[in-house]
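Below is one structure, written out as C-alpha cells; comments come after it.
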Amino acid sequence: MDENRWFWNLIQNDFKNGNTDLDGCIRLLEKMQINFDEDHLKHIFKKTIDKHSGDIISMDDFRAIYRALVHRPEFEELFKAYSIDGNILPDGQLLKFLAKEQFQTEANETTALEIIMKYEPIDEVRKRRQMSFEGFIRYMNSDECSIFKIQHRTVYQDMTQPLCDYFISSSHNTYLIADQLMGPSHLWGYTSALLKGCRCLEIDCWDGSNNEPIVYHGHTLTSKIPFRSVIHVIDKYAFMSSPYPLVLSLENHCSPKQQEVMANCLKSILGDKLLSAPLGGEVDMARLPSPEALKFKVLIKNKKVGTLEQGMLRMEEDYVGEAEEVSDSDAPSDDDYPENMSPVRSRSPSKRKGDRRSSPPPQKKSKVRKTKIALALSDLVVYTKSQKFVGFEHSIQHQKCWENNSIGESQARKLARVSASQFIAHTTRFITRIYPKGSRMKSSNYNPQEFWNIGCQMVALNFQTPGPFMELQDGKFLDNGGCGYVLKPAFLRDRNTTFTPRNVGAHSRPMSLSIRLISGHQLPPSAMSKTNKADPTVQIEIYGVPEDQAKKRSSVVKSNALCPKWNETFSFNIQVPELAMIRFCVEDEVSLVNKDFLGQYTLPVMSLNTGYRNIPLISKDGTKLESASLFAHVWFY
C-alpha cells in the first residue's frame, strides 16, 4: 500500500534506534507540518506509553498517535462515500464531491487536478491523478475548505466609487494599549492597528516641551509619545497591509506654533505619501475621489481654514507663521471633550432641541469658541475636513462632499432612533465618523453593527480592547482582502434610498441559512482541566438589522476538547444578508451559570462558503489558534 510505504519512509530516519520520546514525537509532527495542540498531544502520548512501561514509543506507537490526531472519522466517512475502494479518490470522484457536497458548480477536471497536485503528499498517488485519504485530510483542513470564501481573501470589490461609499476600518485612541485613564500610550498601538488593515487612525496632539508636539490622552495620566515618532511609525507601516488611502484623524489641541511643527513633520517624514493638494488640482468637485485614485496616499483629517482654492493659491507663496481663527459657533466640537464633559450638556435640553430646529438665537459671546489653526496645517487638509455636525437639514444645504462629521455614539444612537432615514441620506453623501463616549474609562467598545446598519463609514473602536465588538470589526474587515475598505450595499449608497434598518421593505433579499455543526477538533482545554479536557458548547449568533439578530446554542459535550461531536442543525432566516455578520463562539461550560471563552470566529454572512467547511478559531487576544477548529456543513438559498 502506497500510504504505508509513504508513512514509513517519512519517519524511519527518526527511528534509527527503534524508538523516540515526546520531544522526538513533537519534532516529527512539526516536520510533517501537522498542527497540534501540546496539551492534546501530551495526553495521547501518555495514554500510549501507559500501555507499556517507560516514556518512549515505537514506530507503531507513533503511527497510532498520528492517526489519533490526524485521521478524523468525520473526514473518513466523507472520503469513503466517494472513494472506489476505500483507499483512493480518482480525480473524477473528487470532482463529484466538489459539485455535490461543496456546491462548487463551476468546478471542472482542472479544478480537481489542481487540488490533487497541491494537497496529495504521496508521489505515486499524485502521478496517477488520484487522492489518498492523507491528501483528502490536507485538503479538508486547508484555506480552500475554510468557511470563509477564498475569493473574498483578495480585493474583489469595485474600488472606483467615491470614498463615502465604503465602510472604512477605523480606530479610536489608537495610541492607547490599555485603558484611557492610566494606561500607557505606545507606538505599538499604531503598528498593530496598521498591520490589521486599519485605515483611519486617531492622533491626539498636545503642546510638548522644546516645541515638540506630543501624543497622549489629554488631562489624564496616560504616558506621552512624541508626534514625530508616531509619524515615523506610520510612514513605515502605512501600506504594509493595504495599498488604499490612510486617514490620520488629528485631535488637535496644539498652539499654532506647534501645529506648524506638526505640518513640517508630516511633510518631511511622509514625503510623497502625503496628499497635500486635490488630485489633478480640481478644487470644485461634486464627489469624493475613490480609494483606487488615492492608493498609497495619507490624508489628513483636521479643521480647515477657508476653501481648497485659497489653500492652493497659498501653496505658491511663503506664509510661515500665519494662523487663522476658525469659530466653532455654539460649542466646542464633541471630539474635544469626553461626551459627559461636553459643554453642550450644560444647557437645558428643551432649549437645545429648539436650537436645532429653528434659527439659532443671537450668539452670546461665551458660546463662540475660536480655535487658531496654523495655515501650514490647514492646507494639508484636502478631502477630509472636520466639520462640526449641526443637523441633517443643515448638512444637506451647506455641507461640501469633502467635509466630514464626527458624532459621539450617544448622540448618533439617538439620531439613528429618531431619524434613521435622514441619517442614511446623510451617510450616502458625507463621511461620518462615530466614536466611543468619553465615559468609557476602561476603553470598552460599543456595538459597531448599529452604525454600519445606517451606513456610517468610520465606526471607530478601541482596537486595544478585545471582546465581541472588536471581533465583529475584525470579521467585517476580513472581507475584500482585508484591505480596510468594504463597499457598502447599494441601498446604503443610493441617495434616494428608502431603506432603514427597522423597515427594510423592498431591500430585503431573504436568505434561509442552515448550519449543521458536526464536530470540533483540538479545542483549547478548559482552564479547570489538569489534562486536555473541556465541556464545550457552541453559540452561533447573527448580527445585522434588528429583525435579523439571533442566537442559538448547541448542547454541551462532556469532558472532550480533543474531538467533540455535536451533529446538530441550526436554521436562520436572514432578511438583509448584505449587512449580516455570523459569529461562532466556543465556550467551556464550567457550571450551569458560568461559561469560559475558548475561541471564536466571526465573518460576513455574504462571505460564507457552502458545503463541508472548517471554521478556524481565534483566541481572546485576536491571534489564530493554529490547531483548533470546528467542522460544519453550510447550506443556504
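- For Lys624, the salt bridge (Lys or Arg N to Asp or Glu O under 4.0 Å) test picks out Glu626, with sequence neighbours left out.
- Every residue two or more places apart in sequence or in another chain that forms a side chain to side chain contact (heavy atoms under 4.5 Å, CB included) with Ser241 is listed here: Leu195.
- For Glu393, there are no salt bridge (Lys or Arg N to Asp or Glu O under 4.0 Å) partners at least two apart in sequence or on another chain.
- Shown here are the side chain to side chain contact (heavy atoms under 4.5 Å, CB included) partners of Ala107, two or more places apart in sequence or in another chain: Leu95, Leu98, Gln104, Thr111.
- Evaluation of the side chain to side chain contact (heavy atoms under 4.5 Å, CB included) rule for Tyr156 yields His152, Asp479, Asn480 as partners, not counting sequence neighbours.
- Residues passing the side-chain hydrogen bond (donor to acceptor under 3.5 Å, both in side chains) test with Ser170, sequence neighbours excluded: none.
- The list of salt bridge (charged side-chain N to carboxylate O under 4.0 Å, His left out) pairs with a residue in residues 465-474, not counting sequence neighbours, reads Lys196-Asp474, Glu471-Arg583.
- Sorted by first and then second residue, the salt bridge (charged side-chain N to carboxylate O under 4.0 Å, His left out) pairs involving residues 599-616 (not counting sequence neighbours) form an empty list.
- Scanning for salt bridge (Lys or Arg N to Asp or Glu O under 4.0 Å) contacts around Glu101 gives an empty result, with sequence neighbours left out.
- A search for side-chain hydrogen bond (donor to acceptor under 3.5 Å, both in side chains) contacts involving Glu568 returns Ser555, not counting sequence neighbours.
- A search for side chain to side chain contact (heavy atoms under 4.5 Å, CB included) contacts involving Pro489 returns Phe167, Phe491, Leu492, Glu578, Leu579, not counting sequence neighbours.
- Here Tyr119 and Phe136 keep their ring centres 6.0 angstrom or further from each other.
- Legend: residues meeting salt bridge (Lys or Arg N to Asp or Glu O under 4.0 Å) with Arg553, ordered by chain and number and at least two apart, are Glu587.
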